2 protein chains.
Amino acid sequence: MTLPERTVERLSEYRRSLLQCLEEGKTHIFSHELAELHHNTAVQVRRDIMFIGYSSTQRKGYDVRELVDVIANILDSEKGLNVAVIGVGNLGRAVTTYFVGKRSKLNIIATFDVDTTKIDRVISGVKCYPLSRLKEVVEANQISIAIMTVPADSAVEMAAQLVEAGITGLMNFTTVPLNVPREVYLDEYDMITSLEKVAYFVKSPRE
Amino acid sequence: MTLPERTVERLSEYRRSLLQCLEEGKTHIFSHELAELHHNTAVQVRRDIMFIGYSSTQRKGYDVRELVDVIANILDSEKGLNVAVIGVGNLGRAVTTYFVGKRSKLNIIATFDVDTTKIDRVISGVKCYPLSRLKEVVEANQISIAIMTVPADSAVEMAAQLVEAGITGLMNFTTVPLNVPREVYLDEYDMITSLEKVAYFVKSPRE
DNA sequence: TTGAAACTGTGATTTAATTAACAATATTTC
DNA sequence: GAAATATTGTTAATTAAATCACAGTTTCAA
Ligand SMILES: NC(=O)c1ccc[n+]([C@@H]2O[C@H](COP(=O)([O-])OP(=O)(O)OC[C@H]3O[C@@H](n4cnc5c(N)ncnc54)[C@H](O)[C@@H]3O)[C@@H](O)[C@H]2O)c1
Ligand SMILES: NC(=O)c1ccc[n+]([C@@H]2O[C@H](COP(=O)([O-])OP(=O)(O)OC[C@H]3O[C@@H](n4cnc5c(N)ncnc54)[C@H](O)[C@@H]3O)[C@@H](O)[C@H]2O)c1
């Protein structure tokens, strides 16, 4: 059984707050506390936790440590997953720098670019490969996720190559909608759309 | 009446495809064509277009020019909106560079940072101001939208300052959930969560 | 000019997600 | 240790979003 997308997202968010709690020495947390940290309700939190089949033993709230472990069990892959960044421009560099070392179960281990001046350059310890070596490097390193930050006009072609290379998860930051086979999970973030949406609601606030 | 969020997003996306069509000299488009360009259905497209009260006169599909204008009327503010980027690090720089000149109705006209070495520096024609001048510059330039790319630990404090300065639309790229008054529209993009979601669905594909 | 084909616009239905409501149970208070 | 309180887990109700189904054009082909 797979969880609803929104629940998966919230679990990821909860986990970060929970880890924060652990650091602060907080061992138990109530649903309404966790809700308050994110902007949602206690019921929503309990519903999400119900989905993952965890339940608190005492009425002292959830055991933070246990809950973190259960979430990790759901979200993380045992051995971690390997990730590549495609297109090492402004955004690609920012993302690479940002993610390296951030999540122990998600390792950015390669970047790719067409620009020959970028090949072999190392960003935050991650080496840049030429596109011609895409399939080879993906296979050799069992890379399953690609973050795509190439220019819009290469997006469609690039996505096809990534699928062909064996990628099964794709984060698309270009503002070009992509089509991928059902077995590849696609997440698209369109920053222009987000900004235009903000602008719309600034112009026309919800009463 | 305000439109559903998802409809607003799709309208933004449709518009870009439609502008592309215009460039290619395509004057009319069917709902199923537009649907195919994005990953959704013809009914969804028609439903969205119905929401904005446009209807095609002929059965040659929608008039692209007209539709673009109707969408612009919905999404854009007459005189455009002014935008500031807060925190000119890796991401802030990428975003600023990216957006300048991109959308004529959304003008990035200032950036802000605490780092004194960044003050007065100009990125893509946009000047960086010290935080101490936030309110002044926001008011003087009628900035209504802020894109927040500051480190996580300044996020909450910064959001409060932005609201206080009069911002009514906020895009939050920090991975810290924020609370803002109802009258401020908040859009949060949590890249870690997105990546973890992709990882989850790579690990546990849907059915 | 008639009949089929191609699309649109929209009520009705379905599905997914959220929220409400509350019984069950542990904890605290007296 | 009985009553009051706090919190969870879950069923039921609500809301929001997407999809179905189809009547009503318009166009086209003969
Ligand atoms: N910069 C941003 O903040 C931002 C925001 C939203 C969306 N985006 C999108 O992200 C993408 C990249 O933006 P950017 O600002 O980093 O652009 P950029 O021009 O700085 O970087 C693009 C990089 O991709 C490389 N490249 C070009 N063709 C390639 C290919 N076929 N395969 C691999 N690499 C290739 C280029 O050499 C360059 O290094 C664009 O599609 C843009 O629409 C960027
Ligand atoms: N880089 C990415 O791709 C990426 C991805 C997802 C999320 N984020 C988030 O975006 C934020 C910025 O990331 P980054 O990689 O650009 O970091 P960065 O360290 O490169 O940049 C942060 C910038 O903010 C400035 N700053 C610090 N405190 C400030 C304050 N109180 N007010 C204004 N400016 C301040 C710093 O001087 C610096 O210029 C972080 O919260 C990060 O979690 C970044």
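From a predicted model like this one, the values you see are computed outputs, not experimental measurements. Letters A, B, ... are given to chains in the order of the sequence lines, protein chains preceding strands, and every chain is numbered from 1.
Whole-Å rounding puts the A:Tyr62 OH to D:dT8 C1' distance at 6 Å. Following rounding to the nearest Å, A:Arg47 (CZ) and D:dA13 (P) show an atom-to-atom distance of 14 Å. Put simply, OH on A:Tyr54 is 16 Å from P on D:dT7, counting in whole angstrom units. Between the CG atom of A:Leu34 and the C1' atom of D:dT8 there is a distance of 14 Å, given to the nearest Å. Between the CD1 atom of B:Ile29 and the C1' atom of C:dT8 there is a distance of 15 Å, given to the nearest Å. The CG-P distance, from B:Leu11 to D:dA17, rounds to 14 Å in whole Å. If you take CG of A:Asp48 and P of C:dT19, they are 11 Å apart, rounded to a whole angstrom. In this structure, CZ of B:Phe30 is placed 12 Å from C1' of C:dA5, rounded to the nearest angstrom.
In the displayed structure, A:Glu9 atom CD is contacted under 6.0 Å by more than 12 heavy atoms of other residues, nucleotides or ligands. For CD of A:Glu36, the number of neighbouring non-hydrogen atoms (other residues, nucleotides, ligands) closer than 6.0 Å is 12 at most.
Using a 4.0 Å cut-off between charged side-chain N and carboxylate O, B:Lys105 and A:Glu196 make no salt bridge.
Among D:dT19, C:dT18, D:dT7, the nucleotide with an atom closest to any side-chain atom of B:Thr41 is D:dT19. Of the candidate nucleotides D:dT27, D:dT7, C:dG9, C:dG9 has the atom nearest to the side chain of B:Arg46.
Between A:Val43 and A:Pro4, the residue anchored closer to the 5' end of DNA chain C is A:Pro4, taking for each the nucleotide with the nearest heavy atom. Of the two residues contacting DNA chain C, namely B:Met50 and B:His32, the nearest-nucleotide position lying further toward the 5' end is that of B:His32.
Contact annotation: A:Ser31 reaches the phosphate of D:dT8 (side-chain N/O to OP1 or OP2, under 4.0 Å). At D:dT25, none of the side-chain N or O atoms of B:Lys60 fall inside 4.0 Å of OP1 or OP2 (strictly under the cut-off). Proximity of B:Ser56 to the phosphate of C:dT8: no side-chain N or O atom is located under 4.0 Å from OP1 or OP2. Contact between the side-chain N/O atoms of A:Ser55 and the OP1/OP2 oxygens of D:dG9 is found at a separation under 4.0 Å.
Taking every heavy atom of both residues into account, B:Met171 and A:Tyr189 meet most closely at CE-OH, 3.4 Å.
Ring to ring, B:His38 and B:Tyr14 are close: their centroids are under 6.0 angstrom apart.
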